[in-house]
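The next block holds one structure in the form of structure tokens; read it before the comments.
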Amino acid sequence: MPATTPRIRPVSDSEPAHARGLDLVHRPRRNRKTDWARRLVREATLTVDDLIWPIFVMNGQATRSPIPSMPGVERFTVDEAVRAAEMAAKLKIPALAIFPYVDPARRDPTGSEALNDNNLVCQTLRAIKAEIPGIGLITDVALDPFTSHGHDGLLQDGRILNDETVDILVRQALVQAEAGADVIAPSDMMDGRVGAIRAGLDAAGFTDVQIMSYAAKYASAFYGPFRDAIGTAKTLSGDKRTYQMDPGNGLEAIREAALDVEEGADMLMVKPGLPYLDIVYRLKEAFGLPTFAYQVSGEYAMIEGAIRNGWVDGDRIVPESLLAFKRAGADGILTYFAPRIAQRLAEQG
Ligand SMILES: NCc1[nH]cc(CCC(=O)O)c1CC(=O)O
Ligand SMILES: [Mg+2]
């Protein structure tokens, strides 16, 4: 009999079995009996060091504008972004990820505004670096906030051009590094862009600028609210399925990540988050690189929407959702809940 099989004492005629109880060697509930015991055996924990806060920036001054499909999230003008960075630094959030809402008049088919060294992203980088130098700044490399068609790359006759796009992405990364980006995060899913960006950064002397590759980024409906936030939802022509991954594929994520590791990625990212925890687990197991997950806008909207309706308990569901990433092997999470959770963790001491 295997040791794990419960041994039950023989039942005497006079005494029902339940009166004496089960004769169990293993009672897993013992380790859950009290709060201190649960804390003692807990495998995964969430700390403020696990958080990256994605923020949206826009033109203007002293203004914050709400994003209806992401209740509780606001776009910041650059000066407000500095205040947000200050708050984040006080809470000890390690890093911010910056996403711009680009004035539609500045968008064109080639996304040329991405190469303007005074664009919103660069202004934000310089402003935060000047006032809050201790916080890490991550910038997205992809053309979608800057193109009139909302695609991440150059569009020709309905096709996204790979190599021509990579050429522009390298220049976009250099413009961002020049303005103070600490981490370049290519989210475009073009082939070969990590290697090209690494070579470009190194040639320009930015050998310390890290690359966090969106290695496994899926063609997902969970990005809907983000596209509202950066104003591409209405303009996007078609979908992104010729460059973002098919949600049915897992092994392909390993091959994609392997290429990015070979090409010099310092960190990997999986996106979306909760629906793709199996991918987080597999990439961490396969490569052992710092691995991040992006709890994206649609995930935020679903959770926050349910909280605001009183359907779920926000105090519990948000930390639980983030702890799940840690359990799956993630080293950190990009989440719009970052300031709220950091605040709570600080209060708990
Ligand atoms: N390259 C753009 C980009 N960078 C991050 C997100 C999504 C983030 C979110 O939904 O929170 C997207 C959207 C997209 O690919 O359409
Ligand atoms: Mg790739």
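Atoms within a ligand are numbered from 1 in the order they appear, just like the ligands themselves. What's counted below: heavy atoms across the whole structure, side chains too, no hydrogens, waters or symmetry copies.
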message: Could you measure the distance from the NZ atom of K33 to the CZ atom of R30? Nearest 0.5 Å is fine.
response: 8.5 Å

field: Protein N/O/S neighbour count - the Mg ion (ligand 2), strictly under 2.8 Å
entry: 1

message: Within the supplied structure, the quantity of interest is the number of heavy atoms (other residues, nucleotides, ligands) at a distance under 6.0 Å from F222 CZ; does it exceed 12?
response: no

R106 to Y101 six-membered ring, cation-pi geometry met (6.0 Å, 45°): no

message: As a test of reading the model: which residues have a non-hydrogen atom less than 4.0 Å away from ligand 1?
response: F99, D140, A142, D144, D152, S187, K217, F222, Y223, F226, R227, K240, Q244, K271, Y294, V296, S297, Y336

- prompt: Counting only N and O atoms by type, is there a donor-acceptor contact under 3.5 Å from the side chain of S148 to the main-chain atoms of R107?
  reply: no

query: What pairs of residues pass the side-chain hydrogen bond (donor to acceptor under 3.5 Å, both in side chains) test when at least one of them lies in residues 275-294, not counting sequence neighbours?
result: K284-D331, Y294-Y336

- prompt: Does Y223 have K240 sitting over its ring (NZ/CZ under 6.0 Å from centre, angle to axis within 45°)?
  reply: no

message: Going by salt bridge (charged side-chain N to carboxylate O under 4.0 Å, His left out), name the residues that satisfy it together with D50, two or more places apart in sequence or in a different chain.
response: K326

salt_bridge(K129, D182) N-O dist < 4.0 Å: yes

Ring centre gap for F226 and F56 strictly below 6.0 Å: yes

